[in-house]
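Remarks on the structure that follows.
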There are 2 protein chains.
Amino acid sequence: MTDMTEVHSGTEHSAPPIRRVTIEDVARDANVSVSAVSKVIRDASGVSPQMKRKVSTSIDRLGYRPHAGARGMRGRSFTIGVVLVQMSAPFQVELATGIGTELEQGPYQDVIVAAGLSRERQRRSIEALVDRQVDGLILIGPALDHAELESIGARTPMVVIARHGGADHFDTVVDDDHQGAGLVVDHLVNLGHERIMHISHSSGGLQRPHVPSHIARRDGYEAAMKRYGLTPDVLVPGFTEEGGHQAALEALDRRYAPTAIFAGADIAALGVLRAAEDRGLRIPDDLSVAGYDNIFTSRLQRVSLTTVDQSGADTGAIAARLLLDRINGRTEAVHHVIVPRLIERGTTAQATAVRT
Amino acid sequence: MTDMTEVHSGTEHSAPPIRRVTIEDVARDANVSVSAVSKVIRDASGVSPQMKRKVSTSIDRLGYRPHAGARGMRGRSFTIGVVLVQMSAPFQVELATGIGTELEQGPYQDVIVAAGLSRERQRRSIEALVDRQVDGLILIGPALDHAELESIGARTPMVVIARHGGADHFDTVVDDDHQGAGLVVDHLVNLGHERIMHISHSSGGLQRPHVPSHIARRDGYEAAMKRYGLTPDVLVPGFTEEGGHQAALEALDRRYAPTAIFAGADIAALGVLRAAEDRGLRIPDDLSVAGYDNIFTSRLQRVSLTTVDQSGADTGAIAARLLLDRINGRTEAVHHVIVPRLIERGTTAQATAVRT
DNA sequence: ACAGTTGCGTAGAACGTTGCACAAACCTTT
DNA sequence: AAAGGTTTGTGCAACGTTCTACGCAACTGT
């Protein structure tokens, strides 16, 4: 009843084989050659104004749209692939939005794929995009190692967001996470805190200097602590609400609990806040909490999380511009650094009596 | 130094013309015809096991990957396009994640484009995807009118999420928003509330029954209010945090302010909470607040918003499955309805003294 | 009036696949 | 052993573009 090699022709609704309007249709309609139409579309040189007019009219009348797949076989596909790790990570979404807004003006269209945390899936997602013949790639916080990234960058124009250590074959846009973490520690120390815990995320075996943001944040935290003669104290449950929650519970139940917790990402800081409530601690009186990223939720008055801003939308826009440059021929690598900014809100305050 | 048709060979960094491995390379390597390789790839019938083995070996050795653009010209591109309106809308992201998870198992790859609220940009995004020869389309809460959607669905397999009223040429997956809104009103009335305000979003001129979720929610709210003999009271600032904030301030400053506010989306409810704080009202004692969508933020203990859940991930998965069916030949439209569930949390409580 | 230049338009060969139509080889049956 | 059937493998024409190479016409300046 289903395929039957068709013999008894279809189920009477005969899928109308609506042919797409092709460049040839336009050429016929305008009474010119296919090449001429192609020229007009790409607005290449050597086209008279009247030719341009004639062809444009036909294009409009017929509602012609160039077929990206066919295009990609010889020229450009005008598609930019954006790979993000987690769509649920608000900061990554801000970046992607920034990219889209910047690209919107030109002829390029960005498509996003959510790769997930596993290295294997990230690899697959990138390949999927390359198979689809994207003209360029923007990776947000990939977990792949440096050599692998260089090798991809060597064959496709690429910019990577949130990876430190520079690169030869691709551009990077990265927040100065080391400094940003320092800002938070400075802030907390100025408020009189000494037992400041940091919540981080597994390094995934990546080696310095080619590390992702969170490792740089951790390094920055440790450097700052040492600068003040304080002992670093790091837990690595990962950047999720639940991770932050678990880590905070564990720390708060210690004999000498921290008086301040600096989570390497806002999302984890939210879990810390929940843990504090679980333990009946008042924020910020009994415990100071800070995050990193300045995501939307942190700005809500109900949350009001002290954090570090790295202007996601701008970062995305810069990445997009760099990629376009690269597609248009630049080959020297450019590495852009974003300066972080501390946002003091309601979850941090003067350290009071030391609890025991 | 590279290709030499360039006369004065390139700028010394000689873009390495790394040719992609093609099906022809595989054929040569395996000593068989191109068609044979193609058969193996698509695993069409009429291939001996040894042929299969031979070709697979070559594919692996050479690291061959089929070129999606070229594929798209004759067969399928194995790409599903997902159009969402706002990446910053958490519920839409949940849906997209659900779609991705479902598709991951098969050969299809989903690509996402964020279209924005304007009808024009949504149209452009859809076109961009169709140009890129996607095999199917999933639209999340599009603002386009019914006729336009039918026309797109008639030429590309498509499923639309969050649109009521059914359709002929595409499938839909939609929450029973009418009922969901009723659940909220029931809940608030049971708590003794009578002045219950609803925050909605502009209809964009769409006509019943082909309306987006928020209109169905409003209808459901009004129907429920009338059922209880209460007067509906709707403000339409749009579904943003700031929209909810503005509307709530306006309502709370009235002579007879509402004792409960039901926002048509959690994101707007968050704004209502802020407005309540601005006016020094305690939640839920002085004002009850409810939302719709059960987004991540609402679940945070700090927020703890009473809301309606419609299981985004499942919805997305269902949509993906329907689309695959459709791509594989089904033509009768299927319309799936999700049953909503009230989630009672900390922002709603018994109505107390009537403020004036 | 002439060769030289410039500018506009076109033919046609790619690009990497798919899948139809067919040939070749191998089984069955009788 | 012949006829027929069934597999299995191949050649080749699409598919919708781009872009190089080239022809032609209309200008230049002498």
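Order of the sequence lines fixes the chain letters, A, B, ..., with proteins taken first and strands second; residue numbering starts at 1 for each chain.
- What separates OH of Tyr64(B) from C1' of dT18(C) is a distance of 10 Å, to the nearest Å.
- Look at Ser48(A) and you'll find a side-chain N or O under 4.0 angstrom from OP1 or OP2 of dG9(C).
- Below 30°, between 30° and 60°, or above 60°: for His146(B) and His210(B) the angle between ring planes is below 30°, a parallel geometry.
- Spacing between atom NZ of Lys52(A) and atom C1' of dC8(C) amounts to 14 Å, rounded to whole angstrom units.
- Side-chain proximity of Met73(A) to dT17(C), dG16(D), dT18(D): nearest is dG16(D).
- Close to dG11(D), at under 4.0 Å from its OP1 or OP2, lies no side-chain N or O of Ser35(B).
- Contact of the Arg20(A) side chain with the Asp131(B) side chain is registered, since non-hydrogen atoms from C-beta on lie closer than 4.5 Å.
- Distance, Ile41(B) CD1 to dG19(C) P: 11 Å, rounded to whole Å.
- Comment: Arg124(B) does not engage Glu127(B) in a salt bridge, judged by the lack of any side-chain N to carboxylate O separation of less than 4.0 angstrom.
- Comparing Gln50(B) and Val21(A) against DNA chain D, the residue whose closest nucleotide sits nearer the 5' end is Gln50(B).
- The residue among His67(A) and Asn31(B) whose nearest nucleotide of DNA chain D lies closer to the 5′ end is Asn31(B).
- Taking side-chain N and O atoms only, Ser38(B) has a distance below 4.0 Å to OP1 or OP2 of dT18(C).
- Among the heavy atoms of the strands lying under 4.0 Å from Arg65(A) are primed sugar atoms or P, OP1, OP2 only; no base atom is included.
- Thr22(A) comes within contact range of the sugar-phosphate backbone alone, with a heavy-atom separation under 4.0 Å but no base atom that close.
- Phosphate contact (OP1/OP2 of dG19(C), side-chain N/O of Arg42(B), threshold under 4.0 Å): present.
- Arg28(A) places its CZ atom 16 Å from the C1' atom of dT10(C), with the value rounded to the nearest Å.
- Within 4.0 Å of Val47(B), counting heavy atoms only, lie sugar-phosphate atoms of the nucleic acid but no base atom.
- Comparing dG19(C), dT10(C), dC15(C) against the side chain of Ala36(A) picks out dT10(C) as the nearest.
- Atom P of nucleotide dG16(D) and atom CG of Asp25(A) are separated by 8 Å, given to the nearest angstrom.
- No donor-acceptor contact under 3.5 Å links the side chain of Arg74(B) to the base of dT17(C).
- Residues Glu148(B) and Arg119(B) are not paired through a salt bridge, judged by the lack of any N-O separation under 4.0 Å between the basic side chain and the carboxylate.
- The phosphate of dT18(C) has OP1 or OP2 within less than 4.0 Å of a side-chain N or O from Arg71(B).
- Nucleotide dA14(D) holds its P atom 12 Å from the CD atom of Glu24(A), rounded to whole Å.
- In the model, Thr79(B) has a side-chain atom that pairs as donor or acceptor with a side-chain atom of Arg132(A) under 3.5 Å.
- The nearest whole Å value for the distance from the CD1 atom in Ile23(B) to the P atom in dG19(C) is 11 Å.
- In the interface, the side chain of Lys39(A) is paired with the base of dG9(C) through a donor and an acceptor atom under 3.5 Å apart.
- Put simply, CG on Leu137(B) and CG on Leu129(B) are 5.5 Å apart, with the number rounded to the nearest 0.5 Å.
- Between the CZ atom of Arg76(B) and the C1' atom of dT18(C) there is a distance of 13 Å, rounded to whole Å.
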